[in-house]
Structures are given as structure tokens and as C-alpha cells.
Amino acid sequence: MAQKPSVPRGTRDFSPAEMLRRNYIFDIIRRTFSLYGYLPLETPAMENLSTLLGKYGEEGDRLIFRILNSGNFLSGMEPSTLVGADSAFLAKHFSEKGLRYDLTVPFARYVVQHRNEISFPFRRYQIQPVWRADKPQKGRYREFFQCDADVIGSDSLLNEFELIRIIDHVFSELKINVIIKVNNRKILAGIAATAGAGDRITDITVAIDKLEKIGSEGVRQELLQRGITPDVIERLDPFLSLRGSAASKLSGLKREIAASPEGQKGLAEMEELFSYLGMEPTEARVELDLSLARGLNYYTGTIIEVKADDMVIGSICGGGRYDDLTGIFGLPGVSGVGISFGADRIYDVMLHLGLFPEQTGAATEVLVINFGGEELMELIKIAVALRDAGIATELFPDAVRLKKQFSYADAQNIPMVIIAGSNELKAGQATVRNMKTGEQTTMSLSALPEFIREVKSH
RNA sequence: GUGGUUGUAGCUCAGUUGGUUAGAGCGCCAGAUUGUGGAUCUGGAGGUCGCCGGUUCGACCCCGGUCUUCCACCCCA
């Protein structure tokens, strides 16, 4: 116990059983992305700090893992400059690279860097780990996987519509009941402007975003704390209490924020999006939630967030439109929109709700009992023939007692065991034991693959 | 980043207001059953009580530090 090795805080090993279930999730997401025409992309685990810093706000910068420079980074540095230097100064001199914090910014970097090779609109999906130097809790890790799909170089709201369809497709295949919340940053800007605080949109949205968690009184306190004046809060109030369908909220808003051109634009976008959704309804409920803001401040239009209906956990998928992301890298005027599935939280939800199918992935289907001795050559041939027939087969590597081999099959959940000892082989036969029912059938060796395929299909 | 919480066998947890060889259930291994798993019975292995240091005649227990877990805030997937 004492000197056991361990992994760093907030990181995890994934056992074979866990990997089979994780791959079940990844496979469904990957298949759905590709069904909608998205292409795979991977980027390095580390990026230059200049790519990363300043993209996620002050809070985000603090959470980026920095990689120490290789070699003697102290060489040529006067000891006197180190005395009294603050950590920001040292970090700048000792570290030039960081672990990626999300997949969207590296994607934007990729697009700008390869703009001449890409034909727009460019759709890509990316399933890779990201790292955040956060304090871990349940459902919050320092290394976790994101599954992103983004399309860049198209302003059309058809993209938003299709991304929502993808979300719906994935969660209905995973059998997770969800609610898809949408909103639009331009509407939020319109609300802020109408309330007379257009310049305080960040403070206002951050506070409003907490509505569900802390209630309307809590939001009021939060707004006050952020220095929003009581008369502005008074004027924000009607927006927070808007109820009803998306259509009725939109028409209500239309009057309220008539004076804000940006707000009107946001409303028009939402109306268009909901008209598409009306034509081709989703399985999950799509709700216009005016309190939805999302922290990442590069979003400029539609914002999307998905919550599980049957379990209290943070959002399991989110996304939105960003107009200016590639602008930071010197390519202005290219609009993008994307979503990101949180695979680790989806895993937690599915585990908690018991939604994983009993057999996930390609576990062994048949174990061939090893009798050793003269039979071994025949047993190898059986295993080869079964694998040729596409049946996942293990030949037990050691000729140990049958009890041990059967226990192994039981522990590994292997559904069928083949017993072919000298008795059976003399007659050119083998016995198949169904481990679930205990039923045993003896047949000729040539009939084995067909028989097992038969049992499998039931 | 702030405040709090947790850590005893592979797993889930007892325990001692500081006193010689630290317990249970489950799991694991062996046997009852030398070609048949999941049930039962019998036996066995496995712990410097997270780590480092301090107080004490003596620490798993008290104190400090550290790592880890989880929680609230912050932020987010």
C-alpha cells in the first residue's frame, strides 16, 4: 500500500471494461459526425502559448497547463533579473508551450494556418483530450475528452439547425433524455442595451446564467455585486420572467427590445432557426432559454447547451457561433459555429442511469479449452477456423485444470466455451457449452463456425 | 485561486477516549469434485492503518506539513 504508484490528481486510467464503454460512446458520436459530412482532424497536445493565451479570458489563462522549456533556460539570464521577479515574468521566460485547453482554438489556428489548402465551408470533427489546471471534483477532471464538430466559413443558420440535429441524433442513440437549450448572444446584447447597460453585457450575462442555480433573487444580488445599478436591474426583470413557448417568448421580446438593432437581428436568427426545427422536429425538447449565457466569451450569435433530464450534473454538450475567432489569428470575417460533447460526463450519466448495453464492444465470444498434449495442434486449428469466420476467439494459453479455464470464461463474461479433448477429437467432433444456459451441444468440427454464428445471432 | 472534507486488506467499511500479535463482509487462492464456471462447506494468503516529520516511555489514534478524494465558491465539459 505504502509506495504504490499513482497518476496525477484529476487524471484517470481507463480499464478495459471502461474503455469498451467509452468507445461505445465515441463510436456513436463519430458515426453521427461523419453522417452529417464532418471530416476528422487531429492537432497536437501542445500548442504555442501565444496561440492559447488571451482566448479564454483571465480565468481561462490561469487554467492552462504550461510546459517548461527544455534545455538550460537559465543560460544568459542575469541572476539579478530573477531577484524579485514575479511569476508572470518567470513563466514567460521559462515556458513557451502549453497543453491545449479546448479543441476550438487549435482548430481556429489550423484554419488560419492552412487557409489556402481548405475549401470553405469547412466541416471538421475532432475527438481528443484537453487539459485544464482546475481543482478536480466529481465530473470535473484535469484531463478529459471533448468531441467537437465545427463548420467554419458559413453564416447560414442551417449549420446551427444541423448541429442541433446531430445533438438530438447522438443522445437518442445513447438513450439519454436531454433538454437542448438555445439562446442568442445578440438577444442578450439587445436586452442589456434596452436596460440601459449595453456596455455591461458580460457582467449581466454571467449573472443571468446562474438563474437556474440561485434563483431570481440570487441573480439580483449577483448583479448588484457586479455594480449594476438597481434601476437597470429593474428593467432587466421582465426578461427574466418571460415564460411560455419559444414563439411567445420571441414575440414578447420583439416589442421589448424594438429599439436595439442587434437584438432584433438576434431575434430574426432565432425565428429562422426555430422555423427549421418546426419543419423537422427533434426527439429532445429544444427550448429558448433567455438565461442561457455560457462563459466562453468568443460566442457572438447562437449559443447551445444540453442538460440531462434524469440526473443533476453540469452540461453534457455545448456550443455556439463565433464570428471573430480566426480574426485573432489574422483571418477576419470568417464565421464559425460548433458543438462539443463532454464524453466523460456523458459516461457518468450513462453509468448512473444504467444505460450501457450489456455487451459493449468486441469482447471475446468463444474460449477454446486447452487440453495440451497431442490435442493442442487440433485446438489451434479450431481457433484459426473460428477467427477466419469472424468470431472473436481465445485459446486458453495454459493446459491447466478445466475448473480454472471455466472460471476464467465466467469471469471474462465469455458466452461460449469449446471443449475438444481426446474423446471428441477422436470422432472429429467438439462440444460447445453455452455459459449462460449451461446447455452443451456436440457436433463435427466443420459445423462449429456456423453453429456459433447461429447462437450469436439470437 | 479561496474555504472545508476524506484516506484502515483487491473492494465496501468497522475499530481503539494513545498501551503487547489491527477486524468483518465481499473478492482472491487451495481443497471437498484428478474433463466443466456461477451454489455450499473447509482451510489459506493478503495491511510498516496515504506519505513525511513532531509530541510521548509508547502513535493507526494527538499536532504540523504534504499528497489524494469529495464538497461549496469561482469557472466549466
Side-chain angles (χ1 to χ4, degrees), chain A residues 1-12 15 25 29 56-64 87 100-104 127-148 202 206-207 209-210 213-214 218 222 225-226 293-297 304-308 313-319 338-349 367-373 375 396 399-425 430-440 442:
Chain A
M1 191 70 190
Q3 267 78 28
K4 250 189 186 172
S6 63
V7 295
R9 161 186 173 77
T11 67
R12 298 150 296 160
S15 69
I25 296 173
I29 292 173
Y56 310 102
E58 215 173 297
E59 183 74 17
D61 281 359
R62 222 187 59 216
L63 297 178
I64 291 170
S87 60
R100 66 167 166 256
Y101 178 87
D102 73 353
L103 301 178
T104 308
I127 299 177
Q128 289 190 274
V130 303
W131 294 270
R132 296 185 187 178
D134 220 339
K135 211 164 183 176
Q137 292 179 25
K138 203 182 198 76
R140 170 187 286 194
Y141 307 100
R142 302 181 107 177
E143 177 186 64
F144 62 97
F145 278 71
Q146 288 190 333
C147 314
D148 277 27
T202 304
V206 166
D209 197 40
K210 296 180 186 170
K213 194 170 184 179
I214 59 179
E222 179 87 21
Q225 247 169 46
R226 287 174 178 271
R294 290 187 64 76
L296 293 170
N297 45 28
I304 304 168
E305 191 163 284
V306 182
K307 292 224 157 147
I313 192 167
S315 73
I316 52 178
C317 178
I339 53 170
S340 176
F341 289 90
D344 301 271
R345 282 189 183 169
I346 291 173
Y347 182 95
D348 290 345
V349 170
L367 177 75
V368 179
I369 296 290
N370 186 340
F371 285 91
E375 286 86 39
F396 202 88
V400 293
R401 295 196 340 273
L402 294 209
K403 182 189 167 85
K404 173 112 185 152
Q405 302 194 38
F406 274 87
S407 298
Y408 173 80
D410 191 47
Q412 300 294 314
N413 248 313
I414 299 173
M416 277 173 281
V417 169
I418 289 181
I419 306 132
S422 53
N423 299 346
E424 288 86 355
L425 288 175
T431 298
V432 178
R433 180 180 177 87
N434 183 324
M435 293 296 280
K436 225 172 236 158
T437 63
E439 196 181 336
Q440 296 198 175
T442 303

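Each chain gets a letter, A, B and so on, in the order the sequences are listed, and its residues count up from 1. All values below come from the heavy atoms of this structure, side chains included, with hydrogens, waters and symmetry mates left out.
With U36(B), A77(B), C75(B) as the choices, the nucleotide that has an atom nearest any side-chain atom of Arg132(A) turns out to be A77(B). Across C75(B), A77(B), U36(B), the shortest atom-to-atom separation from the side chain of Arg433(A) is found for U36(B). Taking the side chain of Lys404(A) as heavy atoms from C-beta on, and the options G37(B), A77(B), C29(B), the nearest nucleotide is C29(B). In the set A77(B), A30(B), C75(B), the nucleotide with an atom closest to the side chain of Leu63(A) is C75(B).
Atom CG in Leu367(A) sits about 11 Å away from atom C1' in G37(B), given to the nearest Å. Between the C1' atom of A77(B) and the CD1 atom of Ile127(A) lies a distance of 14 Å, rounded to the nearest Å. A straight line from CG of Asp61(A) to P of C75(B) spans 15 Å, rounded to a whole angstrom. Spacing between atom NZ of Lys403(A) and atom C1' of G35(B) amounts to 13 Å, rounded to whole angstrom units. Nucleotide G38(B) holds its P atom 20 Å from the CE atom of Met416(A), rounded to whole Å. One interatomic measurement links the two molecules: CG of Leu425(A) to C1' of G35(B), which rounds to 13 Å at whole-angstrom precision. Spacing between atom CG of Asn370(A) and atom P of G35(B) amounts to 13 Å, rounded to whole angstrom units. To the nearest angstrom, P of A77(B) lies 8 Å from CD of Glu305(A).
For the pair Asp344(A) and Gly421(A), both in contact range of RNA chain B, the more 5′-proximal nearest nucleotide belongs to Gly421(A).
By the 4.5 Å heavy-atom criterion applied to side chains, Ile25(A) and Phe341(A) are not counted as neighbours. Proximity of Tyr408(A) to Ile414(A): side-chain heavy atoms (C-beta onward) are separated by under 4.5 Å at one or more points. Phe396(A) has its side chain out of reach of Val368(A): every pair of non-hydrogen atoms, C-beta onward, lies at least 4.5 Å apart.
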**Request:** Summarise how protein sits on nucleotides 65-74 of chain B as a single string, 5' to 3': B when a protein heavy atom is under 4.0 Å from the base, S for sugar-phosphate-only contact, - for no contact.
**Result:** ---SSSSBBB
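The OG1 atom of Thr104(A) sits 11.0 Å away from atom CD1 of Ile339(A), with the distance rounded to the nearest 0.5 Å. How far CZ of Arg345(A) is from SG of Cys317(A): 12.0 Å, rounded to the nearest 0.5 Å. Between the CD atom in Gln146(A) and the CD1 atom in Ile127(A) there is a gap of 11.5 Å [rounded to 0.5 Å]. Distance check, rounded to the nearest 0.5 Å: NZ of Lys135(A) to CZ of Arg140(A) gives 11.0 Å. Here CZ of Arg132(A) is found 11.5 Å from CZ of Arg100(A). Values are rounded to the nearest 0.5 Å. Distance check, rounded to the nearest 0.5 Å: CG of Leu63(A) to CG of Asp134(A) gives 5.0 Å.
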Are any protein N/O atoms closer than 3.5 Å to N/O atoms in nucleotides 26-28 of chain B? If there are, list each pair with its distance.
none

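Look at the P atom in both G3(B) and C74(B): the space between them is 16 Å, to the nearest Å. With P as the reference atom, U40(B) and G27(B) are 8 Å apart, rounded to whole Å. For the P atoms, the distance linking A72(B) with C60(B) amounts to 34 Å, nearest Å. Between U68(B) and G7(B), the distance separating the two C1' atoms is 7 Å to the nearest Å. Rounded to whole Å, the P atom of G64(B) lies 11 Å from the corresponding atom of U5(B). Between G18(B) and G58(B), the two P atoms lie 16 Å apart (nearest whole Å). Only the P atoms considered, G46(B) is 41 Å distant from G4(B), to the nearest whole Å. Taking atom C1' on both U6(B) and C13(B), the two are 14 Å apart, rounded to the nearest angstrom.
Salt-bridge formation is detected for the pair Arg226(A)/Glu222(A): a Lys NZ or Arg NE/NH1/NH2 atom is positioned less than 4.0 Å from an Asp or Glu carboxylate oxygen.
With centres under 5.5 Å and a plane angle under 30° as the test, the ring of Phe371(A) is not stacked against the base of G35(B).
Residue Ser340(A) is classed as having no contact, given no heavy-atom separation below 4.0 Å to the nucleic acid. Residue contacts shown for Ile369(A) are absent, as no nucleic acid heavy atom lies under 4.0 Å away. Looking at heavy-atom distances under 4.0 Å, Glu143(A) makes no contact with the nucleic acid at all. Nucleic acid contact for Gln405(A): none, since no nucleic acid atom lies under 4.0 Å from a heavy atom of the residue. No contact: Gly318(A) has no heavy atom under 4.0 Å from any strand.
Arg12(A) meets the salt bridge (Lys or Arg N to Asp or Glu O under 4.0 Å) test with Asp344(A); sequence neighbours excluded. Every residue was checked against the ring-ring contact (aromatic ring centres under 6.0 Å, His included) condition with Phe406(A), not counting sequence neighbours, and none meets it. Partners of Lys404(A) under the salt bridge (Lys or Arg N to Asp or Glu O under 4.0 Å) rule, at least two apart in sequence or in another chain, do not exist in this structure.
With hydrogens and angles ignored, the 3.5 Å screen pairs no side-chain donor or acceptor of Asn434(A) with any backbone N or O of Glu439(A).
Looking at RNA chain B, the stems built from 3 or more consecutive Watson-Crick or G-U wobble pairs, each pair with its key distances under 3.5 Å, are B:1-4 with B:70-73, B:10-13 with B:23-26, B:28-32 with B:40-44, B:50-54 with B:62-66.
Side-chain atoms of Glu424(A) come within donor-acceptor range of the base of G35(B), with a qualifying N/O pair under 3.5 Å. Taking only distance into account, the side chain of Asp410(A) meets the base of G37(B) through a donor-acceptor pair shorter than 3.5 Å.
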